[in-house]
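As structure tokens, the structure follows; a few thoughts come after it.
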Amino acid sequence: MYTKEEILKQLKNDILSLKIKPGAILSETVLAEQFQLSRTPLRDVLKQLSLESYIDVYAKRGNFVSYIDLESVEQMIYLRSALEKEIMKDLCSQLSLKDLQELKKILDKQKACAKDEEKIDLFLALDDQFHSSMFRLAGREFLWDLIQQSNVHYVRYRKLHMLERGKLLQIWGEHQFMLEHIANKNTEEIDALVRHHLRDDMNSLEFLDRYSDYIKK
């Protein structure tokens, strides 16, 4: 028997990882059998998923995993870009050698994953760890937690981009470059670095064509 919290966490993970693809129907009957849970608590789970934009609920049609909303992605990229520029500049003046070593260890692990496309989920986790660590070391952990509450579309968008061949090593290289700029207290190029890192693929027509089935029309 699963609890509502366990079911909610698993469904969120399955949606964010694209194990359950955008547009897929979440049948109450199938979920009730899968998780051995009655309809009433299961509907509470589905209601919460709807409130957080993981699914769209249509009367008489059912519950469907939400398509990736590029407007939401654009808003999240804008927010993260604005925050991370300032956070990196702050870190240039306050990061200790111990803090730099912590970030470097994350990147060392990420580089190892980048060479193995079967480890994309671990690479993604380390990607989040790198960025979240910068927020924490800058004393802005609250802001990181805040943006995690509205990132269902951005996380899936990012996952699709990382499926492109060679993308993992490119992302690792950008992280390495960002860390070098922080270590050298070079603030002049930070705005351009962050903008490129977060926004480089946003307007790619090739991406839109390749993953059109995942994107909200």
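The model shown is predicted, which means the values in this text are computed figures rather than measured ones.
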Exercise. Look at the rings of His131 and His175 and say which category their plane angle falls in: under 30° parallel, 30 to 60° tilted, over 60° perpendicular.
Key: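 It falls in the perpendicular class, over 60°.
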
Straight-line distance of [X] [atom1] to [Y] [atom2], nearest 0.5 Å:
| X | Y | atom1 | atom2 | result |
| --- | --- | --- | --- | --- |
| His181 | Ile190 | NE2 | CD1 | 7.5 Å |
| Ile171 | Met162 | CD1 | CE | 3.5 Å |
| His197 | Met88 | NE2 | CE | 9.0 Å |
| Ile68 | Arg158 | CD1 | CZ | 12.0 Å |
| Lys85 | Ser81 | NZ | OG | 4.0 Å |
| Glu164 | Leu160 | CD | CG | 9.0 Å |

Do you see a donor-acceptor pair shorter than 3.5 Å between the side chains of [X] and [Y]?
| X | Y | result |
| --- | --- | --- |
| His196 | Arg199 | no |
| Ser38 | Arg43 | no |
| Asn151 | Gln148 | yes |
| Gln10 | Glu6 | no |
| His153 | Tyr157 | no |

Practice problem: Tell me whether the guanidinium CZ or amine NZ of Arg140 lies under 6.0 angstrom from the six-membered ring centre of Phe142 and within 45° of its axis. | Solution: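 Relative to the ring axis of Phe142, which defines the angle, Arg140 lies outside at least one limit.
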
Could you list the donor-acceptor pairs under 3.5 angstrom formed between side-chain atoms of residues 206-215 and any protein atom two or more places apart in sequence or on another chain?
{"unit_1": "Glu206", "atom_1": "OE2", "unit_2": "Arg210", "atom_2": "NH2", "d": "2.5"}

Verify same cluster id: [X], [Y] (apolar side-chain graph, 4.5 Å):
| X | Y | answer |
| --- | --- | --- |
| Leu100 | Met178 | yes |
| Leu11 | Tyr67 | no |
| Leu163 | Leu126 | yes |
| Val57 | Ile7 | yes |
| Phe35 | Ile25 | no |

Is the backbone N or O of [Y] less than 3.5 Å from a side-chain atom of [X], with the two atoms forming a donor-acceptor pair by type?
| X | Y | answer |
| --- | --- | --- |
| Ser150 | Ile147 | no |
| Glu141 | Ser133 | no |
| Ser66 | Ser53 | yes |
| Trp172 | Leu107 | yes |
| Asn184 | Glu180 | yes |

Exceeds 12 heavy-atom contacts within 6.0 angstrom, atom [atom1] of [X]:
| X | atom1 | value |
| --- | --- | --- |
| Lys159 | NZ | yes |
| Lys185 | NZ | yes |
| Lys60 | NZ | no |
| Leu97 | CG | no |
| Glu118 | CD | no |
| Lys216 | NZ | no |
| Lys119 | NZ | no |
| Phe64 | CZ | yes |

Quiz item: Among Leu37, Thr29, Leu31, which one satisfies side-chain contact (heavy atoms from CB on, under 4.5 Å) with Glu33?
Solution: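 Of all the options given, the one that passes is Thr29.
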
Self-check item: Side-chain heavy-atom pair Tyr54, Ile20 within 4.5 angstrom cut-off
Solution: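 No, too far: nothing below the 4.5 Å cut-off.
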
Quiz item: Is it true that Asp108 and Lys104 have a side-chain N and a carboxylate O under 4.0 angstrom from each other?
Solution: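 Between Lys104 and Asp108 there is a salt bridge, with a charged N closer than 4.0 Å to a carboxylate O.
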
